[in-house]
Protein chains: 2
Amino acid sequence: MTQKFHHLINSLDQAMTQNDNETIQTILANASAAEVARVIESLPQKERLALWPMVPTALYGKILLELHPELRRPLISQTDEDELIASLSTMQMDELADIDSDLPITVISAMVQAMDSQRRERYEQVKHYPDETAGGLMDVDITAVRADVSIKAALRYLRRLRQREGTLPDHLDSLMVVDRNNILLGIVPLSQLVSNELDLSVRQVMLTEVTSFTPFTPDTVVAQVFKDKDLISAPVVDEQHKLIGRITVDDVIDVIQEEADKEVFSRAGLNNHPDMFAPVLQSSARRAIWLGINLLTAFLAAWVIDLFEASIEKIVALAVLMPVVASMGGVAGSQTLTMVTRGLALNQVNSKNMLKLIGHEFSIGLLNGMLWAAIVAIIAFQWFGDWQLGLVFGSAMIIVLLAGVLAGTTIPPLLRKMGVDPALAGGVVLTTVTDVVGFFAFLGLATIVIL
Amino acid sequence: MTQKFHHLINSLDQAMTQNDNETIQTILANASAAEVARVIESLPQKERLALWPMVPTALYGKILLELHPELRRPLISQTDEDELIASLSTMQMDELADIDSDLPITVISAMVQAMDSQRRERYEQVKHYPDETAGGLMDVDITAVRADVSIKAALRYLRRLRQREGTLPDHLDSLMVVDRNNILLGIVPLSQLVSNELDLSVRQVMLTEVTSFTPFTPDTVVAQVFKDKDLISAPVVDEQHKLIGRITVDDVIDVIQEEADKEVFSRAGLNNHPDMFAPVLQSSARRAIWLGINLLTAFLAAWVIDLFEASIEKIVALAVLMPVVASMGGVAGSQTLTMVTRGLALNQVNSKNMLKLIGHEFSIGLLNGMLWAAIVAIIAFQWFGDWQLGLVFGSAMIIVLLAGVLAGTTIPPLLRKMGVDPALAGGVVLTTVTDVVGFFAFLGLATIVIL
């Protein structure tokens, strides 16, 4: 993390403990919207609400955009509606559409009232598409030119546009080229405009092999393509290949980051609720769900153990060693699970190489199984002086490691077929398998061999 | 994932099973470097080497760049050196510097020989900085102009440059503005050049508030700043604020993706080795390390159980229920751990709010503890008809859930202070704590209360 931000946090904390509002306001005035958003996220609820009124009202919109949705509403409800509207009315339509579900209806209507017909039309257009699509990502404020105009004319147009609007769209790296029916013909990078002779026509310098998206393309696909092709911006077109919007790389970066966070949080059963200071009751309820699911699987394992009550009564050492077997199976399995889940997401795991993958993982599991079987067998023998126990312990270790890697390889594709996110449910299903197999193998073998 | 890529995989697989090399080559010729790289990663070793010779030699460089480092060497060793050199010599210096550690020294020297003095100098410059820094990310092929020239002159310069080089640098969205000593004065977005009057001077339209980086800035910091400020490109300057390079957003996206992957793989103890088909022995050895660490912690837990052998002998139900206690503690703990680890990475967890955070997590742990304590107590009573056992089971549940959330909150900062990556080691340390506490609390209480 940047030193600058660290300094920001510290000086702000100092000013807040001293209730030095003046200093607080100057600090916030010199921070970027993203920085302020991260500061707010790091504060407990009460302090958030205390800090919010001291944020420069002009930044309201950008900050709300940067904040995780679940943090927006409480702040918005604390905000003077007129100031909110004033700040929001400067936002791009795609940005506004990202947060408007958290805005009071009175604010929305007031803003729509204030929009000129053109902006209102654009807004309707963006609203039309879900957030997780190219249509939700796109900005509808597009700069397009006709193919037959000269570079000179295109440059003149840009100058006029800038004089009229006072500014040009963000990240304007290229112009869209359309025909009279607004059908996309190609794009001209500004670098082409500035580096070619002025009397050439746009058609002569435009790129016709353009990567474009349809509005309902999932945002994750958009992100993948931006990554693969190193795009800065890309047009969005409808079925008739009419130009309707433009996606820029900064929005794509947010998608990539969100996907990464989602994965990490899903694995922990947090289901993408990263607010550290969400109300206790709310947080507890959310986490309880995952704990409940885990309890069911844990009792399933307990039930397996219960089957061998008699054996444990005779050899208590079984109770001592059985968690070791289960946990080793869980670890070996989750290594495979993680790799295969990622491979699925990148389409590198498919029906074609599945069998080879299973074979590959099986050999790895077998090798590690034999290695650790030998080690734990010796330990068990040293500990309890019973070579049969060591033998059983080692054999169970091989079995559970094989079960782990096989489950780790097969569970993600199966979950996906069932329409369940492997990153979310994979871990639970896996440990259920490894626990049950581990306990069953170890206690079962012991019952047969020793008793 | 894109339909297109899915189709690519299938048609390629078909052609490979039919050994239809002609079709394979046409398919590969029409795919992007990134797509070919992902195909190669999805193939077992043997098929990789079989496919490689059919890849268009012109793409060699780009593909090697896209491939995970551990996949490069085997392919490079299979490649004709002259073709390799021919393909690599078209790459940007920063790209070349990213992969040259995997290239045979003969290739490197041959390439350096072939470079003109300017390119060689640039190459030396980039080599000078580690990969994980702004210096390693930057491209040294910069387009800069003087502040006192007119926009007209700047545009003329760009046209000349393009005529000379045949092309302009990638992602040229702005020109760097320097003085005669190459000190950075500001930048001019191309959108400014094309939208202002031609007789204005560059100084009049350049932006002077520029986000710049020093060459040793960590790449993760660069990524964070690019995200926060929605940058497309940014200059890199030395101590004297001399312009030495330029970072573009496409390299930053790769950093963001790598960091995300690293985190997920670290958590599974895979330590950023994503090759699904790495040689079995290699993979086994890598994963064995993590299994070994886990074995130690598992035996620690076993040792705790062993302390209460006598109690288990009398009440076998203890052996049945104890894994449930431990696993619930582990889940509750890892939920907190994940949240705090992420908070640390974003600098949202710090000495200022640590205490508040602990209090917050404690209340969550307590609430869920009491909830599940009640539930499991009833289950245990129903199952074994022993209200004392239910009481002990429930109390242990509260204790282990509290231990879990407290460990989850405190372990990541501690590990970080010790210079250990919480994403890598956090999980093991946590489950060690929850297992030990869980078994100790449950079996200990049982010994006191019931026996």
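Throughout, protein chains are lettered first and strands after them, A, B, ... in sequence-line order, and every chain is numbered starting at 1. As the structure is a prediction and not an experimental result, all values here were calculated from the model.
Neither the backbone nor the side chain of B:F362 comes within contact range of chain A; no heavy atom of the residue lies under 4.5 Å from a heavy atom of that chain. Looking at B:L161, neither its backbone nor its side chain comes within 4.5 Å of chain A, counting heavy atoms on both sides. Looking at B:A278, the atoms closer than 4.5 Å to chain A (heavy atoms on both sides) all sit in the backbone: N, CA, C or O. Contacts between B:L371 and chain A at a heavy-atom distance below 4.5 Å involve the side chain alone, from C-beta outward. Heavy atoms of A:L295 lying under 4.5 Å from chain B belong to its backbone as well as its side chain. For chain A, the nearby part of B:V249 is the side chain; its heavy atoms alone come within less than 4.5 Å. Residue contact with chain B, scored on non-hydrogen atoms closer than 4.5 Å, involves the backbone and the side chain of A:R287 alike. Of the two parts of B:T336, the backbone and the side chain both hold a non-hydrogen atom closer than 4.5 Å to a non-hydrogen atom of chain A. Proximity to chain A (any heavy atom under 4.5 Å) is restricted, for B:I379, to the side chain, taken from C-beta onward. Looking at A:Q335, both its backbone and its side chain come within 4.5 Å of chain B, counting heavy atoms on both sides. The contact between B:L291 and chain A is made by backbone and side chain atoms together, counting heavy-atom distances below 4.5 Å. B:R160 does not touch chain A: none of its heavy atoms, backbone or side chain, sits under 4.5 Å away. Looking at B:L357, both its backbone and its side chain come within 4.5 Å of chain A, counting heavy atoms on both sides. Using a 4.5 Å cut-off between heavy atoms, B:I253 touches chain A through its side chain atoms alone. Heavy atoms closer than 4.5 Å to chain A are found in the side chain of B:L367, but not in its backbone. Within the 4.5 angstrom heavy-atom criterion, atoms from both the backbone and the side chain of A:L155 approach chain B. Only the backbone of B:D275 has a heavy atom closer than 4.5 Å to any heavy atom of chain A. When heavy atoms are compared at a cutoff of 4.5 Å, A:A288 approaches chain B by way of both its backbone and its side chain. Looking at B:D230, both its backbone and its side chain come within 4.5 Å of chain A, counting heavy atoms on both sides. Of the two parts of A:D228, the backbone and the side chain both hold a non-hydrogen atom closer than 4.5 Å to a non-hydrogen atom of chain B.
With hydrogens and angles disregarded, a donor-acceptor distance shorter than 3.5 Å links the side chain of A:H360 to the backbone of B:M276. No donor-acceptor pair closer than 3.5 Å links the side chain of B:Q192 to the backbone N or O of B:P189.
Contacts with chain A were tallied for B:V222, B:T248, B:L198, B:V316; B:V316 has the most, counting heavy-atom pairs under 4.5 Å. Chain B forms the most heavy-atom pairs under 4.5 Å with one residue out of A:E66, A:E361, A:Q163, A:K314, and that residue is A:E361.
Looking only at atom types and distance, the side chain of A:N10 has no donor-acceptor partner in the side chain of A:Q14 under 3.5 Å away.
Residues satisfying the side-chain contact (heavy atoms from CB on, under 4.5 Å) criterion with A:T297, sequence neighbours excluded, are A:N294, A:V428, A:T432. For B:F308, the ring-ring contact (aromatic ring centres under 6.0 Å, His included) criterion is met by B:F440, not counting sequence neighbours.
Closest non-hydrogen pair, A:A301 versus A:F439, comes out as CB-CE1, 3.7 Å. What you find for B:N353 and B:Q348 is that their closest heavy atoms are ND2-O, 2.7 Å.
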